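These numbers were taken from a predicted model, which means no experiment stands behind them. When reading the values below, keep in mind they use all heavy atoms of this one structure, side chains included, and skip hydrogens, waters and symmetry mates. Atoms within a ligand are numbered from 1 in the order they appear, just like the ligands themselves.
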Amino acid sequence: MNISLRKKIIFLVLSLLVVVTLAASILSTFEIQRYYRERIFNQMVTQLDEVEYLLDTLNLDFRTLTDYDYLARYAQRSGHRLTLIDSLGAVIFDSKVAPDSLSLLENHLTRAEIQMALAKGIGQNERKSATLHQSMFYVAKLHEFEKTHAIKYIRLALPMEEVQVVLRAVRWKIMLGSGIALILMAVVSFLIASRLTYQIHQLSAVAEKIKTGNYDERFDVTGRDEISELADLLNAMLDRIKNDMVQMKKLERMRSQFLGNVSHELRTPIFTLQGYLETLMQNPNAEPKRKFIKSAYRQAARLNNLLTDLIDISRIESGEMQMTFIAFDVHHWLQKMVADVRDIAVEQSIELRLVNDVRENVQVLGDRDRLNQVMSNLLINAVKYNKINGRVEVGYIVRAGKVEIYVSDTGRGIAPEHLSRIFERFYRVDKERSREVGGTGLGLAIVKHIIEAHHSRVFVESEIGVGSRFSFQLPRV
Ligand SMILES: Nc1ncnc2c1ncn2[C@@H]1O[C@H](COP(=O)(O)OP(=O)(O)O)[C@@H](O)[C@H]1O
Ligand SMILES: [Mg+2]
């Protein structure tokens, strides 16, 4: 199993999570601290207003111990240190200092919060107290009713320690929350990473099997994510490869069959020729018999036909044969084709004619040389596989945008079981007859190839004992 990928994913996700949670908690801590400070400050300002009100209404006298004590207790209860300062900076009252020690305190006019209060009405500062030796948060207010007492500044102070306790608690809560979120997200990322790597592992397990030649294996991944998409794609690819392989094997088989057929076809004429030449060699003085010479010539001609057809077939199948399409007159062309085969037809006592007797001006598009080959193959077949005194009719029918060309004969016909196979190379219904008439079994294969190169098809209808009709279409121009 590919552990390292899972580790990488988890590591990546976790480090991202840590960075994000850290940033989030630091930011929220700062924000919450700021908020708390502000709240404490506001509370202290309210408290200052209250003290101010108290001073104005109660008209306290700090030289009396009772009043001094009264105010000190009040400050104690509110949890603050209260300081009252006159316009020159002398401390008149301090809840944390006894009245007889007040004169020992230094002048408070230089304190930052007092300066700020003088300038703005309210001042604040955070620092270590020179009097109490601990960190304090000070808020001072300029006293508006100067007529009562000599009080110019009222100041409240809160030990920072108390603020810190609250803030520490807040920080802890944030840290705890982030920690829990982090753990939860880590578990989720672990699960996702495991599932992801499990699927990839599954894919590679199947791929391993396919590598060993098991092409029937298929990737099986459920879900609708990219990995299952990939699995589908790979499956489709495998289907293609499998089909292609079947096709390739079939082609391979066909090729070796073809080679076998070719060798077999070549053997008979060569064997016959060899035998004849041997006889001649052994009897150099004997007069060669005409019958022998004729038979040898026939075999040589057959060899020639065979090789010509083989060369054609291989050139067509390798794509070497280039087609050049031109427009030509169908009527004129068929007339010429019929004339070329006339001698052979007469020889076999076959009546051969072009059905369309009135010449129409019909032009078709095609490679004329190749179509000559098609036509002479079809015509010679129609003549040779005919009956004595049979008929062969050639014609054309103009259809929408197309011209159908046909060759029909009153011959022996072809049985349905052979009909689909006569276009195969070397396929012959009657081997003896084919050989007798000089056939190679390649004629219709060549016809089919050429017509297909014209983007058309060869149709054949046949009835045994009645005759056959071969037809194909060419585009009309
Ligand atoms: N017009 C036809 N009538 C009857 N049989 C035919 C006709 N044309 C072709 N065939 C049959 O199809 C076989 C294949 O034809 P073809 O490929 O031209 O080879 P061949 O060289 O034997 O003529 C022939 O051997 C013959 O048996
Ligand atoms: Mg033929």
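- The closest donor-acceptor contact from the side chain of T410 to the backbone of R391 lies under 3.5 Å.
- When only non-hydrogen protein atoms are considered, atom 16 (P) of ligand 1 lies nearest to L444 N, 3.6 Å.
- Geometrically, R412 does not engage Y385 in a cation-pi contact, judged by NZ or CZ lying under 6.0 Å from the ring centre and within 45° of the ring axis.
- In terms of modelled atom types and a separation under 3.5 Å, the side chain of S456 and the main chain of Q473 share a donor-acceptor contact.
- Contact between F325 and A453 at its shortest, heavy atoms only, is CZ-O, 3.6 Å.
- Aromatic pair F258/F426: ring centres closer than 6.0 Å.
- A cation-pi arrangement is absent between R457 and F472, since the terminal nitrogen or guanidinium carbon is not both under 6.0 Å from the aromatic centre and inside a 45° cone about the axis.
- Those atoms of ligand 1 that come under 4.0 Å of a heavy atom in V429, given as number and element, are 25 (O), 27 (O).
- Counting the atoms of ligand 1 from 1 in the order shown, those under 4.0 Å from a heavy atom of G441 are 17 (O), 19 (O), 20 (P), 21 (O), 22 (O).
- Here the protein contributes N381 OD1 as N, O or S atoms under 2.8 Å from the Mg ion (ligand 2).
- By the salt bridge (Lys or Arg N to Asp or Glu O under 4.0 Å) test, D357 pairs with no residue at all, sequence neighbours left out.
- Every atom of ligand 1 with a heavy atom of S468 under 4.0 Å away is listed here by number and element: 3 (N).
- When heavy-atom distances to ligand 1 are checked against a 4.0 Å cut-off, D409 comes that close only through its side chain, counted from C-beta outward.
- Between G411 and ligand 1 there is no heavy-atom distance shorter than 4.0 Å.
- Here the shortest heavy-atom distance to atom 9 (C) of ligand 1, taken over V392, N381, I464, belongs to N381.
- With hydrogens and angles disregarded, no donor-acceptor distance shorter than 3.5 Å links the side chain of S420 to the backbone of P416.
- For the pair R267 and F271, the cation-pi test (distance below 6.0 Å, angle within 45°) is failed.
- Considering each of Y427, Y385, F426, the one bringing a non-hydrogen atom nearest atom 10 (N) of ligand 1 is Y385.
- At least one heavy atom of F470 sits less than 4.0 Å from an atom of ligand 1.
- Near R428, the atoms of ligand 1 lying under 4.0 angstrom from a non-hydrogen atom of the residue are 22 (O), 25 (O).
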